[in-house]
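Below is one structure, written out as structure tokens; comments come after it.
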Amino acid sequence: MNSLINYKKEELEEHITPKFRVKQIYDWVYKKYQFSFDLMKNLPKDLKEDLSKNFSVLDLEIANKQISQDGSIKYLFTLKDAHTVEAVLLKMKGDEFDTSGKLIKEAKYTVCLSTQVGCKVGCSFCLTGKSGFIRDLEPAEIVAQMLLIKADNNFSVEKGVNIVYMGMGEPLDNLENVVKAIEIFAQKDGMAISTKRQTISTSGISSKIDKLGKLDLGVQLAISLHAVDNQTRDTLIPMNKAFPIETILDSVRAFPIDTRKRVMFEYIMIKDINDKLEHAKKLNKLLQGIKSKVNLIYFNPYENTEFSRPTQASMEAFKEYLNSKGVTCTIRESKGLDISAACGQLKEQKKSVSHETFKTEEEL
Ligand code: SAH
Ligand code: SF4
């Protein structure tokens, strides 16, 4: 059955009359997290029956969740065809209190969402890529990850939560459905998560970056660069042969970006592959003229990988060099939860090293 949350408000208004009923349904789903038509008290009985015959609401459920020491939570979801995907609620900053213990600033959260089951791109360092591609997620399956996480944490609709499309899958390989999800998230009468607070991370499908740019949605862009020369990048991301670094950077330059924002370049540091000062120098040159910020990520090792984690000293030196040249560069920290491990290397990660940083609910 087709999910109701595949549709924008105006699309539903074409089928459900009078229009104000759609607003009521929206309030139930997106504000009160009520996902059963039966329990939507202010709808007439015949409409509830009609809706139940024609639509489902949530086509996925929480199968498992793991809470890290810093309060971030990793969710495993089961889809209607029994496949699973993961999403992570990342606690970026904790609540802040004044001296009397009064809450003065609420914690900041970001949710990392999956866009596909598996991934076609097949990056050699990525577990999702290694497990192959199964299928695209529908818009409703992307939206539902967020709805379930908000409901599970009793977040009010007003609570500002940012979105990064950095979970399983290559968002631009499922562009149409991801764009629909972005628009559904941004709807004023729904979750009202503006497009500015949503970031698409891509391994660099230039043709699709161009297409996304033309839509001018106002979304933020993150490029998984990971290497500064095509020879190395070819070995990490096979698609680099079709869309080499220069082509990607041309697409980035043409991408419409809010004047106050910058494009994020993600760079997984892998020992002896891309972690030397010469690479930092080349990166600085490549990024000349692009309003950018660099996010360094420790390669997170797993069983049977040919790659290793870089040293802290090489990460710091890389970062210091870029900073000294005026390029903003941060290192993705792994406190309670290694964000890179949580987000992207999902599912299969269970067997591997950084999974130890998670505790199941029962353990806490
Ligand atoms: N497919 C998109 C979207 C996210 S991929 C992209 O490649 O940009 C998932 C994220 O996990 C990316 O940021 C990727 O760089 C990161 N990742 C994958 N494998 C990793 C590993 N072994 N160690 C650290 N980060 C990894
Ligand atoms: Fe796909 Fe991204 Fe993993 Fe590459 S890093 S295989 S693009 S999910």
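Atoms considered below: every heavy atom in the structure, side chains included; atoms not considered: hydrogens, waters and symmetry mates.
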Kindly state whether the ring of His226 and the ring of Phe125 have centres lying under 6.0 angstrom apart. yes
Check this for me, if you would: do Lys180 and Glu176 make a salt bridge, where the nitrogen-to-carboxylate-oxygen distance has to be below 4.0 angstrom? no
Shortest non-hydrogen separation from Val143 to Ile5 and the atoms involved: CG1-CD1, 4.2 Å
Are any side-chain N or O atoms of Ser114 and backbone N or O atoms of Glu86, one a donor and one an acceptor, separated by less than 3.5 Å? yes
I'd like to know if Leu277 and Met315 are part of one continuous hydrophobic network [Ile/Leu/Val/Met/Phe/Trp/Tyr, side-chain heavy atoms within less than 4.5 Å]. yes
Taking the six-membered ring for Trp, are Tyr165 and Phe185 parallel (under 30°), tilted (30 to 60°) or perpendicular (over 60°)? tilted
Do Ile273 and Ile331 share a hydrophobic cluster, counting only Ile, Leu, Val, Met, Phe, Trp and Tyr and linking them when any side-chain heavy atoms are less than 4.5 Å apart? yes
When rounded to the nearest 0.5 angstrom, what distance separates CG in Asn153 from CZ in Phe155? 4.5 Å
Heavy-atom neighbours of Lys196 NZ exceed 12 at 6.0 Å: no
In terms of side-chain heavy atoms, does Asp152 have a donor or acceptor partner in Tyr75 at a distance below 3.5 Å? yes
With salt bridge (charged side-chain N to carboxylate O under 4.0 Å, His left out) as the test, would you mind laying out the steps for Lys53 and Glu49 before giving the verdict? CA-CA 6 Å; Lys53 269 188 225 141; Glu49 280 170 9; 5.4 Å; no
Pairing donors with acceptors under 3.5 angstrom, does anything connect the side chains of Glu170 and Thr202? yes
Nearest heavy-atom approach of Ile268 to Asn274 is O-ND2, 2.7 Å
If you measure only the distance, is there a donor-acceptor pair under 3.5 Å linking the side chains of Glu141 and Asn177? no
CG (Asp81) and CG (Leu60) are apart, to the nearest 0.5 Å, by 10.5 Å
Quick check: are there more than 12 heavy atoms from other residues, nucleotides or ligands sitting under 6.0 Å from NZ of Lys32? yes
Ion pair present between Lys23 and Asp27, side-chain N to carboxylate O less than 4.0 angstrom? yes
Indicate yes or no: at least one non-hydrogen side-chain atom of Leu283 is less than 4.5 angstrom from one of Tyr321. no
Does Val327 share a hydrophobic cluster with Met264, counting links as ILVMFWY side-chain heavy atoms below 4.5 Å and allowing steps through other members? no
State, to 0.1 Å, how close Met239 and Ser203 come at their nearest heavy-atom pair, and which atoms those are. CE-OG, 3.5 Å
Return yes if a side-chain donor-acceptor contact under 3.5 Å exists between Ser36 and Asp38, otherwise no. no
More than 12 heavy atoms from other groups under 6.0 Å of NZ on Lys48: yes
Please tell me whether Asn6 and Ser3 have a donor and an acceptor in their side chains that are separated by less than 3.5 angstrom. no
Closest contact, heavy atoms only, Phe35 versus Val29: CE2-O, 3.5 Å
Distance-only side-chain donor-acceptor flag, Tyr30 / Gln187, under 3.5 Å: no
For a salt bridge (charged side-chain N to carboxylate O under 4.0 Å, His left out) check, start with the C-alpha distance between Glu13 and Lys9, then their side-chain angles and the critical distance, and finish with the verdict. CA-CA 6 Å; Glu13 283 168 352; Lys9 192 162 166 258; 3.4 Å; yes
Any idea which heavy atoms bring Tyr302 and Ser124 closest together, and the distance? OH-O, 3.4 Å
To the nearest 0.5 Å, how far apart are NZ in Lys271 and OH in Tyr298? 13.0 Å
Atom CD of residue position Glu306 - does it have more than 12 heavy atoms of other residues, nucleotides or ligands inside 6.0 Å? yes
